[in-house]
Visitor: 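Following this message is one structure expressed as structure tokens.
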Amino acid sequence: MRTPPFRDYRDKGLQAYCAENAGEAGALMDAVLAGLPLGIGRVATPFLPLADRISNRWLARAGDPYAAEIAANRDAVGRAGVPTFTLSYEWGCTSAVRQGDGAPRLMRVLDWPFDGIGERIELVHLASAAGEWAAATWPGVTGVLQATAPGRFAAAINQAPERRSRLGRPVAWLAGKARLLRQDGLAPAHLLRHVFETAPDYATARRRLSDEPICTPVIYTLTGAEPGEACVIERLETSAAVHAPDEAAPSSAANHFRHMSPQGRWRPRGLASDARARIADDLAALPGPDQIAPPILNARTRLAMTLSADGDVALCGYDGERRTTNVLRVNL
């Protein structure tokens, strides 16, 4: 069983990370396409060039700061689909925060319905104007899903619930994609990356993740370097509900809104979202990434990690409930 590698790209950045690991980026795309239900991946592949053109137009209109990098990644991987995959947003997650004497700790479990990607997870060490940081990611992934910046903050993304439609879920899905393409805000994972690259502290990160427009709803879990610096930020495109935890109300998030109103217009995503959040609330202490249990551990689990703004990271990959890597432990 391999241990996730810890890659040093502080001098090169994520674009070089993709270019130097283009074969792995292509393998990740193959895994995602193969994991789509009902053979959708085979059907969708011929339409990826068209989807890329639509994605590129949207990236240009939104002024996305990573548009040039995405184009370079497409050239490095040498196949259609890179811009489209950049804007994909089809995962579930569970996150929980626990306070302590020092920096609050964040548990993060990523669920994705694609086999084989957990064993490919890597930790990449990066640097930018605001300081050093590290992201758990894969080659070719432009946005940030989970990362820590020692001395500043740590954060993770959970997919938001889906808007309900009286015409059913397929119509709701299509309406959501159409709504996304009408927005001018950044993709949530791109905003989180930009915050890691530029925000000097927890307060700035919290303000920006709460206030800056995004193209689709999301849930951010954010912790800082000082006791008490922790919150869950439930986002719509231009509004937010921010929950700061205390002993009576722990800070946990799955794939439904717990503080955003009105509640009835949203359908939870992922497997057993309500149960995952309740179990996370009841955890006396955060388990290690190799110690999580159902329902937080489930058939779609692909990685688990703990991280904090003191630079401690523990990470391992999963294929459903089966762990596929050893635990990588790093203190940045």
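Numbering of residues begins at 1 and proceeds along the displayed sequence. FYI, side chains are in, hydrogens and waters are out, and symmetry mates aren't considered; it's all heavy atoms of this structure.
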Visitor: Apply side-chain hydrogen bond (donor to acceptor under 3.5 Å, both in side chains) to Ser239 and list each qualifying residue two or more places apart in sequence or on a separate chain.
Guide: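 Once residues adjacent in sequence are excluded, Ser239 has no partner under the side-chain hydrogen bond (donor to acceptor under 3.5 Å, both in side chains) criterion.
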Visitor: Say whether, by atom type as modelled, one donor and one acceptor occur between the side chain of Arg329 and the main chain of Asn331 under 3.5 angstrom.
Guide: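 No; judged by distance alone, with no hydrogens or angles, the pair does not exist.
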Visitor: With sequence neighbours excluded, tell me which residues meet side-chain hydrogen bond (donor to acceptor under 3.5 Å, both in side chains) with Thr148.
Guide: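 Listed in chain order: nothing, the list is empty.
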Visitor: With a 6.0 Å cut-off (strictly less than), is the heavy-atom count around CG of Asp75, excluding the residue itself, greater than 12?
Guide: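 Correct, the count exceeds 12.
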Visitor: Applying side chain to side chain contact (heavy atoms under 4.5 Å, CB included) to Leu192 and Ile157, what does each step give before you reach the verdict?
Guide: CA-CA 8 Å; Leu192 186 58; Ile157 281 181; 3.7 Å; yes
Visitor: Name all pairs fulfilling the salt bridge (Lys or Arg N to Asp or Glu O under 4.0 Å) condition that reach into residues 205-222, sequence neighbours left out, sorted by first residue then second.
Guide: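 Qualifying pairs, neighbours excluded: Arg208-Glu212.
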Visitor: Which of these passes side chain to side chain contact (heavy atoms under 4.5 Å, CB included) with Val97: Ser308, Ser252, Pro104?
Guide: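 The passing option is Pro104.
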Visitor: If I compare all heavy atoms of Ala22 with all of Ala76, which pair ends up nearest, and what's the gap?
Guide: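 Looking at all heavy atoms of both residues, the closest pair is CB-O, 3.5 Å.
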Visitor: Check ring-ring contact (aromatic ring centres under 6.0 Å, His included) between Tyr220 and all other residues, then give those that pass, not counting sequence neighbours.
Guide: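 ring-ring contact (aromatic ring centres under 6.0 Å, His included) list for Tyr220, sorted by chain: empty.
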Visitor: Between the main-chain N or O of Pro213 and the side-chain N or O of Thr238, is there a donor-acceptor pair closer than 3.5 Å?
Guide: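 No, Thr238 side chain to Pro213 backbone: no donor-acceptor pair under 3.5 Å.
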Visitor: Can you measure from CZ (Arg74) to OG1 (Thr84) and round to the nearest 0.5 angstrom?
Guide: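 The distance works out to 11.0 Å.
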Visitor: Would you please indicate yes or no on a ring centroid separation below 6.0 angstrom for His125 and Phe6?
Guide: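 Yes, they do, as the ring centres are separated by less than 6.0 Å.
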Visitor: Kindly determine whether His194 and Val144 satisfy side chain to side chain contact (heavy atoms under 4.5 Å, CB included), including the steps that lead there.
Guide: CA-CA 9 Å; His194 202 247; Val144 166; over 6 Å; no
Visitor: Looking only at side chains, do Asn158 and Arg108 share a donor and an acceptor under 3.5 Å apart?
Guide: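 Side-chain D/A pair, Asn158 to Arg108: present.
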Visitor: Determine, step by step, whether Phe153 and Asp201 satisfy the side chain to side chain contact (heavy atoms under 4.5 Å, CB included) criterion, reporting the C-alpha distance in whole Å, the side-chain angles of both residues, the deciding distance to 0.1 Å, and the verdict.
Guide: CA-CA 7 Å; Phe153 50 86; Asp201 50 38; 5.9 Å; no
Visitor: Once rounded to the nearest 0.5 Å, what's the spacing between atom OG1 of Thr137 and atom CD of Gln146?
Guide: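 CD of Gln146 is found 7.5 Å from OG1 of Thr137.
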Visitor: Can you tell me if Asn255 and Arg276 form a side-chain donor-acceptor pair at under 3.5 Å?
Guide: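 Side-chain D/A pair, Asn255 to Arg276: present.
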Visitor: Among residues at least two apart in sequence or on other chains, which ones pass salt bridge (Lys or Arg N to Asp or Glu O under 4.0 Å) with Arg120?
Guide: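 Listed in chain order: Glu24.
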Visitor: Can any side-chain N or O of Glu229 pair as donor or acceptor with the backbone N or O of Ala225 at less than 3.5 Å?
Guide: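 Yes; at least one donor-acceptor contact below 3.5 Å.
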Visitor: Nearest 0.5 Å please: distance from the CG atom of Leu209 over to the SG atom of Cys231.
Guide: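 So the CG of Leu209 and the SG of Cys231 are separated by 8.0 Å.
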Visitor: Return the CG to CG distance between Leu110 and Leu303, rounded to the nearest 0.5 Å.
Guide: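 Leu110 CG to Leu303 CG: 4.5 Å, rounded to 0.5 Å.
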Visitor: Tell me, please, which residues at least two apart from Arg152 pass salt bridge (Lys or Arg N to Asp or Glu O under 4.0 Å).
Guide: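 Checked Arg152 against salt bridge (Lys or Arg N to Asp or Glu O under 4.0 Å); zero matches.
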Visitor: According to salt bridge (Lys or Arg N to Asp or Glu O under 4.0 Å), who are the partners of Asp290, at least two apart in sequence or on a separate chain?
Guide: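 So Asp290 forms no salt bridge (Lys or Arg N to Asp or Glu O under 4.0 Å) with any residue.
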Visitor: Please identify each residue that fulfils salt bridge (Lys or Arg N to Asp or Glu O under 4.0 Å) with Glu197, with sequence neighbours left out.
Guide: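 Partners of Glu197 under the salt bridge (Lys or Arg N to Asp or Glu O under 4.0 Å) test: Arg193.
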Visitor: If you look only at pairs with a residue in residues 129-150, which of them pass as a ring-ring contact (aromatic ring centres under 6.0 Å, His included), with sequence neighbours excluded?
Guide: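 Every ring-ring contact (aromatic ring centres under 6.0 Å, His included) pair that includes a residue of residues 129-150, provided the two are not neighbours, is Trp112-Trp138, Trp133-Phe196.
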Visitor: Taking the side chain as C-beta and beyond, is there a heavy-atom pair between Met29 and Val82 under 4.5 Å?
Guide: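 The answer is yes, as the side chains (C-beta and beyond) meet within the 4.5 Å cut-off.
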Visitor: Do Thr3 and Val327 have side chains that approach each other closer than 4.5 Å (heavy atoms only, starting at C-beta)?
Guide: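 No, their side chains stay 4.5 Å or more apart.
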Visitor: Is Arg258 salt-bridged to Asp281, cutoff N-O under 4.0 Å?
Guide: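 Yes.
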Visitor: Can you find a heavy atom in the side chain of Ile117 that is under 4.5 Å from one in the side chain of Leu28?
Guide: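 Answer yes - side chains close enough.
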Visitor: Which atom names give the shortest non-hydrogen contact between Asn73 and Gly140, and what distance separates them?
Guide: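 Closest approach of Asn73 to Gly140, heavy atoms only: ND2-O, 4.3 Å.
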Visitor: What residue pairs, at least two apart or across chains, pass salt bridge (Lys or Arg N to Asp or Glu O under 4.0 Å) with a residue in residues 295-315?
Guide: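 Sorted pair list: Arg105-Asp310, Asp115-Arg302, Arg302-Asp319.
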Visitor: Got a sec, which hydrophobics cluster with Leu286, joining ILVMFWY side chains under 4.5 Å apart, including via others?
Guide: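 Met107, Val109, Ile279, Leu283, Ile292, Ile296, Leu297, Tyr318, all in the cluster of Leu286.
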Visitor: Test Ile233 against Ile219 for side chain to side chain contact (heavy atoms under 4.5 Å, CB included), laying out the working first.
Guide: CA-CA 6 Å; Ile233 304 169; Ile219 302 171; over 6 Å; no
Visitor: To the nearest 0.5 Å, tell me how far Gln159 CD sits from His256 NE2.
Guide: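 If we round to the nearest 0.5 Å, Gln159:CD and His256:NE2 are 13.5 Å apart.
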Visitor: Count I, L, V, M, F, W, Y as connected when their side-chain heavy atoms are under 4.5 Å apart, and connections chain through other members. Are Leu145 and Leu332 then in the same cluster?
Guide: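 Same cluster: Leu145 reaches Leu332 through Ile, Leu, Val, Met, Phe, Trp or Tyr contacts under 4.5 Å.
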Visitor: Give me the atom names and distance for the closest heavy-atom approach of Ala155 to Leu222.
Guide: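 Of all heavy-atom pairs spanning Ala155 and Leu222, the closest is CB-CD1, 3.9 Å.
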Visitor: Before accepting this row, confirm whether a basic side-chain N of the pair Glu119/Arg2 lies closer than 4.0 Å to the acidic partner's carboxylate O.
Guide: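 Looking at Arg2 together with Glu119, the answer is no, because their closest N to O distance does not fall below 4.0 Å.
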Visitor: With sequence neighbours left out, write down each residue that passes side-chain hydrogen bond (donor to acceptor under 3.5 Å, both in side chains) with Asp64, or none if nothing qualifies.
Guide: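 Listed in chain order: His190.
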Visitor: How far apart are the closest heavy atoms of Leu123 and Ala134, and which atoms are they?
Guide: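 Shortest heavy-atom separation between Leu123 and Ala134 comes out as CD1-CB, 4.2 Å.
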Visitor: Output yes when a side-chain donor or acceptor of Arg323 lies under 3.5 Å from a complementary backbone atom of Cys316, and no otherwise.
Guide: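 No, because the side chain of Arg323 does not come within donor-acceptor range (under 3.5 Å) of the backbone of Cys316.
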Visitor: Check whether any side-chain heavy atom of Asn56 lies under 4.5 Å from a side-chain heavy atom of Arg53, and answer yes or no.
Guide: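 Heavy-atom side-chain distance check fails, nothing below 4.5 Å.
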Visitor: For the residue pair Val232 and Ala253, what are the closest heavy atoms and their distance?
Guide: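 Nearest heavy atoms, Val232 then Ala253: CG1-CB, 4.2 Å.
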Visitor: Is the shortest heavy-atom distance from the side chain of Pro161 to the side chain of Pro217 under 4.5 Å?
Guide: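 Pro161 does not reach Pro217 side chain to side chain.
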Visitor: Check whether any side-chain N or O of Glu69 sits under 3.5 Å from a backbone N or O of Tyr66 as a donor-acceptor pair, and report yes or no.
Guide: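 No; zero donor-acceptor contacts below 3.5 Å.
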Visitor: Take Glu234 and His243, measure what side-chain hydrogen bond (donor to acceptor under 3.5 Å, both in side chains) needs, and give me the verdict at the end.
Guide: CA-CA 8 Å; Glu234 297 179 353; His243 169 66; over 6 Å; no
Visitor: For Tyr17 and Pro139, work out which heavy atoms get closest and say how close.
Guide: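 Between these two residues, the closest heavy atoms are OH-CD, 3.3 Å.
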Visitor: Out of curiosity, Met1 CE to Asn326 CG, how far, rounded to the nearest 0.5 Å?
Guide: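 Nearest 0.5 Å value for the CE-CG distance: 6.0 Å.
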Visitor: Would you say Glu20 and Lys12 make side-chain contact, with heavy atoms under 4.5 Å?
Guide: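 A side-chain contact under 4.5 Å exists here.
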